[in-house]
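All figures in this text were calculated on a predicted structure; none of them were measured in a lab. The sequence lines fix the lettering, A, B, ..., with proteins before strands; numbering per chain opens at 1.
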Amino acid sequence: MRWLFLTLAGPTLWAVMFSIVYALHGVVCAGVAGPEGLGLGARWMLIVVWVLGLAAFVPLYRALPHGGELTHYLPRLGVWIGLAATAFTLFPVVFVTSC
Amino acid sequence: MTDITSFDAAEDRATTNSIPRNPPQRALHLHRELGRVWANDKGFWGQITAVSHTTLGLRFMATAFVFFAIGGILSMLIRAQLATHQGAFLDTEIYNQIFTMHGSIMMFLFAIPMLEGLAIWLLPKMLGTRDMAFPRLTSLGYWCYLFGGLIMLTALLFGVAPRDGWFMYTPLASAVHSPGINADVWLLGVTFVEISAIAAAVEITVTILRQRAPGMKLTEMPLFAWYMLGTSAMMLVGFPPLIAGSVLLELERAFGWPFFDPTRGGDPLLWQHLFWLFGHPEVYIIFLPAAGVMSMIIPVMCRTKILGYGAIVAAVLGLVFLSFGLWVHHMFTVGIPHMALAFFSAASVLVAVPTAVQVFAWIGTMWKGQPQLHLPMYHILGFFLTFVMGGLTGVMLAIVPFNWQAHDTAFVTAHLHYVLIGGFVFPMMAAVTYWMPLITGRRRIKGLGETAFWVIVVGFHGTFFIMHLTGLMGMPRRIDIYPDNPEWVWLNLTSSIFSFVLTIGFAMFALDLLLQIFLGKRESRDPWEAPTLDWAMPLPSPNYNYASLPTLRDLDKPARDVILPLARGEGALPGAPRGRREFLVTRAINAEPDHVAILPGNTALPLVLSASIGVFVLLMLASLYLLAAFALLPVAALIWVWVRAMAPSGDLRPIEIAPGTSLPVHHHARQSLAQSGLNALLVADGTLFASLIFGLAFLSVVTQGPAAPPAGAHTMASLVALGVIGVVMMIAAWIATGVGRGTAQLGVVLNIVALVVLTWLALTQMDDPTVHARDALRAAVAGYVALHVIVAAGMAAFVADQYRRGEITAQIHGGYPGWRKWQSFTTATTLIAIAILLAQVFA
Amino acid sequence: MRGASAFIAFALLAGCDTGLSTLAPAGPVAADIAWLWWVMLAGATLITVLMVVLLVVAFGRPKDTGSRVWTHGMGLWFSLTVLTALLAAGLWVGERIQPRDDDAVVVRAHAFQWGWEFSHEAADGTAVESNDLLHIPVGVPVDVLITSEDVIHSFWVPRLAGKMDAIPGRTNRTRIQADEAGEYDGLCAEFCGLNHAGMRFSVQAHANWPPDLNEAEQ
């Protein structure tokens, strides 16, 4: 079963990051910002969280075993899926405006 | 760095490669022996008591097809109404009921049960085992599905069917704006049906992980099993938000708890979030099994192996996760900030990538091989044409500005029919035509099937292709007349005419199946020369599937080369010499043989249990809430009887599955199927809890409604009571890790103490849940905890009873591990609930 | 494909007549979205043709192309490239048509079962109410503040902009703009009960703002 959990690790990290950034954005928009949009501080906070999330994939990747069989490389494929999804789905924090 | 394959190898030095062959016996003798043990009872009664996956899988599919026909007739009525702009055919009230029921039937009573049925029927055959993990649960799921569906159909006959659209947006579906039982029929009926979805998800997960033929590694199993593993995992996580939402909305309607009422601190958007948190994964829950069918049939039709096995598995993995990050694209117009929309737009776009990987892998497979135009291949081509176009319009709808125009128009109607008929119905028709010989043992009558295919293709695209245009020209969904828009008439009339062509096509398809069942000639074994185990059996497949179970050496051979040795009992665990139903249980990753599971036989208990749940549902519908509460007593009693029926008895000695290789029976197993099943159930249960917590967070952060009145009773007494509950539950979880009759009895007492304190808290200290949504959600969370504490008490009582009867020994754990697991889960959720409550109070 | 283009040509003609067609935009917001649609339609048509060609060719002799061309080349990189470009275009358009803080004219739309109450500010700053007819100025962005009395409705004027839901308990804001004076049709797009189909309204764009309604009515 441990193998299955390792395989799920990468996409799960994406799910966690996606939830955190979405929730933070919701909290910021509900509480802090008015119609003029996100404050600069809040935007930087989201960007920092996003970059930290991307960085978290590096130690995860290195912790996984290497090898040529599917059993060996599927967990690492999972990390690539998670990394690509985190980069792709959360890049709007950089330039999309407004609450 | 450790070798990853060593995780399982380290756990046991098992015997995959060394399972010797059993001596051959007379195949007919084995067939009779197994038939006596595995056959259904005779006659009509046999249909009531059947628990066989073959019988129930087929019955699921047949019933789903009947509902498909009913949903189809409703769609004919819709198209007849829309054929002209004055639409004098139906009155609006009836029209609203009809389109609501069309959507609900197709989603909940056709698509989901159909894929469940296919998986239940096919997986054990494909994985090399004799039945699903929990045969009685299969049966329970079927009866809940049937009864729930019948409740909804009956409501339609009496003109009180749901009428608020299949996604039941509140406040339209609230008690104020939708008086009468219409909405309750949907909420209670669908939730009743969803029991079968959760049941199926649990046993599909367990069957795939624990019942593969010895040596069939997870990374080498047929792709259909990967797809179904993804599907069942998604069902475990996807359905609980819907169930949570339905329960909350029913509580609002029945008792005035204002979860979604904006005037009392609730939020209609909370319903939308919960609904689509289910609703979008649902689309992939429907698509994945269909894609699994494609991955099985295409290589066989092209006389080659699938291209890019690893890439497809990774694509499934990606789809399973990404599909949970898209739900907001059904809510792009509710006024969510653009940045949040952008996250979901990006995720909705990205999900097309794993889909593209699969589509191109299938096309690559066709290039690699030599495609042959048998009937299943026609439907596969129908899939490609239709689904690709549906996928492309799906990507369009993921683009926020375009969505603002196209949302809630006929464009979306067109898109979703392209995706669902293209991505589900065509593959299912491919599946049925492909596996029909295994179902009936008969050969198809040539000609009619091909004609049906062409009629369906023409009818489908004629109906829905121009509907994209109808939508772009401004026609919204769910209107019954359009007197001011004569420019839509020719579009709608064309759609209506072709929709009748489409219906004729489906009728011809059904006729083709009937002709094959009743008039087809005998088909020879393995007619497609397939490589997978599902064809390594006589036609039609016997109830027990395999006279002896395939092992590693049977896996890499063509099916036709292993039919005979398996039928002669040369595989593992031949026959039924102990007169009971048995199969092998293996380990999750590498399929090392672990133990032999003994299964229950035919029983009417599932029917009785689901009927008693049905009584509860009907009493709720009749607003007889006190009586409904009492109706839960027989349900609880029947569950007790259910579990008692599997108590250890008879011959529990290890079983020799092959010369010199013995395995323990499941009562002695460290990790039994039941425990794996409980793990899966707790995943769903945890998601249900998380949905409630999400609701709590959503209402307190996002909702802009009136502030909650100051909480009435934050007295010292209520804090002390919370503390008592927390401590008692921690002690209960701690003692459940020990063993002994005394601990189980203590467990009963502790859970009852917690329940009494909680009841006191609810009755005297908690704020009135009808005043404000915050208090209503707190009450709902308290109800969740109370329910789990009651079950924990019941499980502890069951274990204490097992001790009393002397069924639990040093080697046999009985219900003990289950109670321990449940108690830990209950304690964890209780503590989280208390922590969140305290955080809210002191923040 | 020929059939499709015939449909589209017909749609364009028909759209001009009635004013519910998204393909006959009458303002910059709707025009941006319509442009996005035509680009996406062209791309989707190309991809569909490509798929059909690939399927037809598959029925020839077996071809050994290697698996990575399909799974990585086509499945991953081809789709990711197209999708990234499309997403960027979509977000860019989305940003352009967002309501923002730029002194746009503000009007109100209040939905109920089954009709609309609109209001705008007269020259003296008082609110002027009107039923099922919304007055806006021509040529400038107008922000509509959308609320609901009872259930969820949706404010949609297809020729001017996309739709925005009217949700009880919330105030939503959307931006519309008309290039020319005249009347534009609008409707409720979210299913709202028995008379959902009849919940129509009009938008009157005026060259003079605020309009003199007495004169306009004569």
Side-chain angles (χ1 to χ4, degrees), chain B residues 92-93 165 169 171-172 177 262 267-269 307-308 311 333-335 338 342 345-346 349-350 352-353 356-357 360-361 363-364 366-371 381 384 388-389 392 395-396 399-402 404-405 407-409 466 469 472-474 476-482 484-485 487 704-705, chain C residues 7-8 11 14-15 17-18 20-23 32-33 36-37 40 44 47-48 51 54-55 58-59 62-65 67 70-71 74-76 79-80 83 86-87 90-91 93-95 97-98 150-152 154 158 162-165 167-170 172 187 189-194 196-197 200:
Chain B
T92 309
E93 165 72 30
Y169 275 3
L172 186 61
H177 298 288
D267 197 334
L269 288 192
L307 172 148
T333 64
V334 301
H338 195 219
S345 176
V349 162
L350 190 61
V353 174
V357 168
F360 284 114
I363 296 183
M366 289 171 63
W367 275 47
K368 185 159 75 97
Q370 180 63 64
L381 291 175
F384 274 115
V388 164
M389 289 165 72
L392 289 167
V395 171
M396 294 177 188
I399 302 300
V400 177
F402 180 70
W404 284 339
Q405 283 286 28
H407 179 67
D408 266 334
T409 68
I466 56 164
L469 186 57
L472 290 173
M473 286 177 60
R477 292 168 82 170
R478 300 173 172 181
I479 59 170
D480 55 339
I481 47 168
Y482 44 98
D484 302 326
N485 300 91
E487 80 274 19
Q704 307 154 339
Chain C
F7 285 154
I8 288 158
D17 291 334
T18 64
L20 277 174
S21 175
T22 63
L23 304 177
D32 273 8
I33 300 176
L36 205 52
W37 152 252
M40 290 195 299
I47 292 175
T48 308
M51 302 297 286
L54 289 179
L55 284 173
F59 278 83
K63 291 157 281 285
D64 188 17
T65 43
S67 68
W70 295 101
T71 55
M74 296 298 286
L76 195 58
S79 65
L80 204 52
L83 293 168
L86 181 59
L87 178 68
L91 290 180
V93 171
E95 286 289 302
I97 64 181
Q98 281 290 309
D150 34 45
V151 304
I152 298 175
S154 191
K163 56 187 73 66
M164 180 59 76
D165 291 354
I167 299 175
R170 280 167 197 272
N172 279 334
L187 50 80
E190 181 65 57
F191 178 65
C192 59
L194 271 184
H196 168 56
R200 301 292 184 92

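- Proximity to chain C (any heavy atom under 4.5 Å) is restricted, for P268(B), to the side chain, taken from C-beta onward.
- R170(C) pairs by the salt bridge (charged side-chain N to carboxylate O under 4.0 Å, His left out) definition with D267(B), not counting sequence neighbours.
- Between T22(C) and W37(C), the side chains place no donor N or O within less than 3.5 Å of an acceptor N or O (distance only, hydrogens not considered).
- Interface remark: L194(C) contributes backbone and side-chain atoms alike to the contact with chain B (heavy atom separation under 4.5 Å).
- The choice from V93(C), I97(C), L86(C) that makes the most heavy-atom pairs within less than 4.5 Å of chain B is L86(C).
- Between chain C and the residues A311(B), P371(B), P476(B), the largest count of heavy-atom pairs under 4.5 Å involves P371(B).
- For H407(B), the parts sitting under 4.5 Å from any heavy atom of chain C are the backbone and the side chain alike.
- At a 4.5 Å heavy-atom cutoff, the contact between V353(B) and chain C is made by backbone and side-chain atoms alike.
- When heavy atoms are compared at a cutoff of 4.5 Å, I479(B) approaches chain C by way of both its backbone and its side chain.
- Looking at every heavy atom in both residues, L54(C) comes nearest to W367(B) through O-NE1, 2.9 Å.
- D480(B) meets the salt bridge (charged side-chain N to carboxylate O under 4.0 Å, His left out) test with no other residue; sequence neighbours excluded.
- Using the six-membered ring where Trp is involved, H338(B) and W404(B) have ring planes that are tilted, between 30° and 60° apart.
- Looking at R477(B), only its backbone comes within 4.5 Å of chain C, counting heavy atoms on both sides.
- Between the W70(C) side chain and the V357(B) main chain, no donor and acceptor come within less than 3.5 Å of each other.
- Y169(B) touches chain C through its side chain: at least one heavy atom from C-beta onward sits under 4.5 Å away, while N, CA, C and O do not.
- Interatomic distance, E190(C) CD to H196(C) NE2, rounded to the nearest 0.5 Å: 7.5 Å.
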